[in-house]
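Accompanying notes for the structure given below.
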2 protein chains.
Amino acid sequence: MSSRADSAAATRRALLDAAAELLDEGGPDAVTLRAVGARAGVSRGAPYGHFPDKEHLLAAVAARSWEAVGEQLDALITDRRRAPAERLEQALSGLMETGRRRPYAYGLMFAAPGADHPEALAAVSRTHDQFLAIVADVIGDKDRAGPIGALLMTSVHGIVAMENSGQLTAEKWHVTGDDLLRMLIARIG
Amino acid sequence: MSSRADSAAATRRALLDAAAELLDEGGPDAVTLRAVGARAGVSRGAPYGHFPDKEHLLAAVAARSWEAVGEQLDALITDRRRAPAERLEQALSGLMETGRRRPYAYGLMFAAPGADHPEALAAVSRTHDQFLAIVADVIGDKDRAGPIGALLMTSVHGIVAMENSGQLTAEKWHVTGDDLLRMLIARIG
DNA sequence: GCAACTCAGATGACAATGTCAAGTGAACCG
DNA sequence: CGGTTCACTTGACATTGTCATCTGAGTTGC
């Protein structure tokens with residue numbers, strides 16, 4: 001049952017869970033190695049048995065968040081009941097919802113993953129590929145999927161980012177993030 | 001000459017300059033109150049005579065950066081030689097260039113300025129208004145300036161943000177940030 | 001022109017944090 | 001069962017933000 005390897009794997013998972021929870025609850029400043037260890041039921045130095053440093057722990061959290069988005073996209077891709085255009089719309093609004101529900105984790109996902117975080121880079125790349133597949137399914141032209149997908153992804157990210165930073169207020173711009181997403185799809189999708 | 005008030009104002013300016021330089025050169029981690037003080041020629045505790053805490057110092061740097069962008073926009077607005085559409089294009093590409101030249105300061109500008117940073121909030125609001133004026137000058141319809149402006153601003157921000165985080169690569173998306181800006185203007189401007 | 005005052009800045013100190021070296025005890029292996 | 005490995009703990013240290021206290025030069029009133 002409690003083999004040493006299993007226990008270590010459970011600890012690693014608990015550390016990632018604890019870090020993600022602390023991030024969601026209190027923002028980046030709340031993610032302290034001591035707090036992470038405490039919530040995971042281990043000591044402050046335990047993370048160093050699983051990650052080289054704090055940055056790598058956070059990169060793993062970011063990778064996990066990307067993979068969660070990737071699973072959402074997978075569910076959309078394999079759901080053949082929906083029309084391609086509807087899948088694309090759901091993919092975009094799903095990303096927006098993630099950004100709203102977990103703003104700090106979202107910020108971490110779109111932070112720069114250094115070259116020494118191959119795990120995070122791979123997770124980002126995989127999910128981007130899934131998104132590109134959804135885009136390509138909507139527009140027949142394969143060559144245009146990349147640029148169109150990039151325009152959609154960057155624009156939606158900009159909407160979410162400015163929403164989360166409080167710089168996209170209805171008073172100033174007379175529009176909501178959801179309105180912008182609709183405008184975007186109408187003009188580009 | 002060296003009255004006490006002038007000296008204090010010079011110190012405050014030197015602190016802001018030092019913080020901005022350190023940010024540009026070494027990223028957020030390099031902006032240490034001790035380093036800021038050293039570069040400004042004062043001691044580590046000197047910033048507390050001008051700012052309540054480090055966060056307010058950074059907010060002041062962000063406000064300054066927004067004001068620099070605002071001056072660019074002002075120059076565009078008062079330059080009556082250019083057509084309105086060209087002014088809008090220059091405004092957007094100017095923002096992109098700022099994001100590329102000073103990625104860390106750009107990130108700070110689009111970070112969340114808490115409600116206890118009225119100086120930064122005002123600077124953001126002023127510059128956004130200037131941008132909206134440029135947009136309104138292009139499209140006659142006054143009611144649509146807000147939404148269209150928001151779509152342009154958020155989208156360009158998303159492009160710059162993903163460029164700076166290394167997630168907008170030509171290999172993956174077969175497009176560059178400049179291409180995306182052109183696509184955006186063609187479809188929305 | 002001088003004494004009292006004000007205030008920008010310097011300095012000492014402290015708590016929190018990331019990080020590492022050394023230690024420990026239980027799982028593992030022969 | 002005895003030695004070994006390894007995940008984890010603990011003690012320690014450098015760095016950093018922050019504050020209380022101190023100091024000296026600029027300022028003010030006479």
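Chain letters run A, B, ... following the sequence lines, proteins first, then strands; residues in each count from 1.
Scored by the side chain to side chain contact (heavy atoms under 4.5 Å, CB included) test, A/Ala18 finds A/Val36, A/Arg39, A/Ala40 as partners (sequence neighbours excluded). Scanning for salt bridge (charged side-chain N to carboxylate O under 4.0 Å, His left out) contacts around A/Arg100 gives A/Glu163, A/Asp178, with sequence neighbours left out.
Tested against A/Arg87 for a salt bridge (Lys or Arg N to Asp or Glu O under 4.0 Å), the candidates A/Asp137, A/Asp79, A/Asp74 yield a single pass: A/Asp137.
At a threshold of 4.0 angstrom between heavy atoms, the contacts of A/Ala8 are confined to the sugar-phosphate backbone, with no base atom among them. When heavy atoms are screened at a 4.0 angstrom cut-off, A/Gly45 is found touching base atoms of the nucleic acid. Using a 4.0 Å heavy-atom distance criterion, A/Val36 is classed as making no nucleic acid contact. Here A/Ser43 lies in heavy-atom contact (under 4.0 Å) with a base.
Between the C1' atom of C/dT19 and the CG atom of A/Asp53 lies a distance of 9 Å, rounded to the nearest Å. Atoms CZ (B/Phe51) and C1' (C/dA8) sit 14 Å apart, rounded to a whole Å. Rounded to an integer number of Å, the gap from CG of A/Leu22 to P of C/dT17 is 11 Å. Remark: C1' of C/dA16 and CG of A/Asp29 are 12 Å apart, rounded to the nearest angstrom. Between the NZ atom of A/Lys54 and the P atom of C/dA16 there is a distance of 15 Å, rounded to whole Å. The nearest whole Å value for the distance from the CZ atom in B/Arg13 to the C1' atom in C/dA8 is 16 Å. For B/Leu15 and C/dA10, the CG to C1' distance is 14 Å, given to the nearest whole Å. Regarding B/Arg34, its CZ atom lies at a distance of 11 Å from the C1' atom of C/dC14, rounded to whole Å.
If you check the side chains of A/Glu55 and A/His117, you find a donor sitting under 3.5 Å from an acceptor.
Close to C/dA27, at under 4.0 Å from its OP1 or OP2, lies no side-chain N or O of A/Ser3.
The two residues B/Arg12 and B/Phe51 make their nearest non-hydrogen contact at NH1-CE2, 3.6 Å.
By the 4.5 Å heavy-atom criterion applied to side chains, B/Arg126 and B/Glu67 are counted as neighbours. Contact check for B/Gln167 versus A/His128: side-chain heavy atoms found under the 4.5 Å cut-off.
Mapping heavy-atom proximity under 4.0 Å, the span of DNA chain D touched by chain A runs 5' to 3' from D/dT5 to D/dA12.
Judged by distance alone, with hydrogens and angles left aside, A/Arg44 brings no side-chain donor or acceptor close enough to the base of C/dG18 to form a pair under 3.5 Å.
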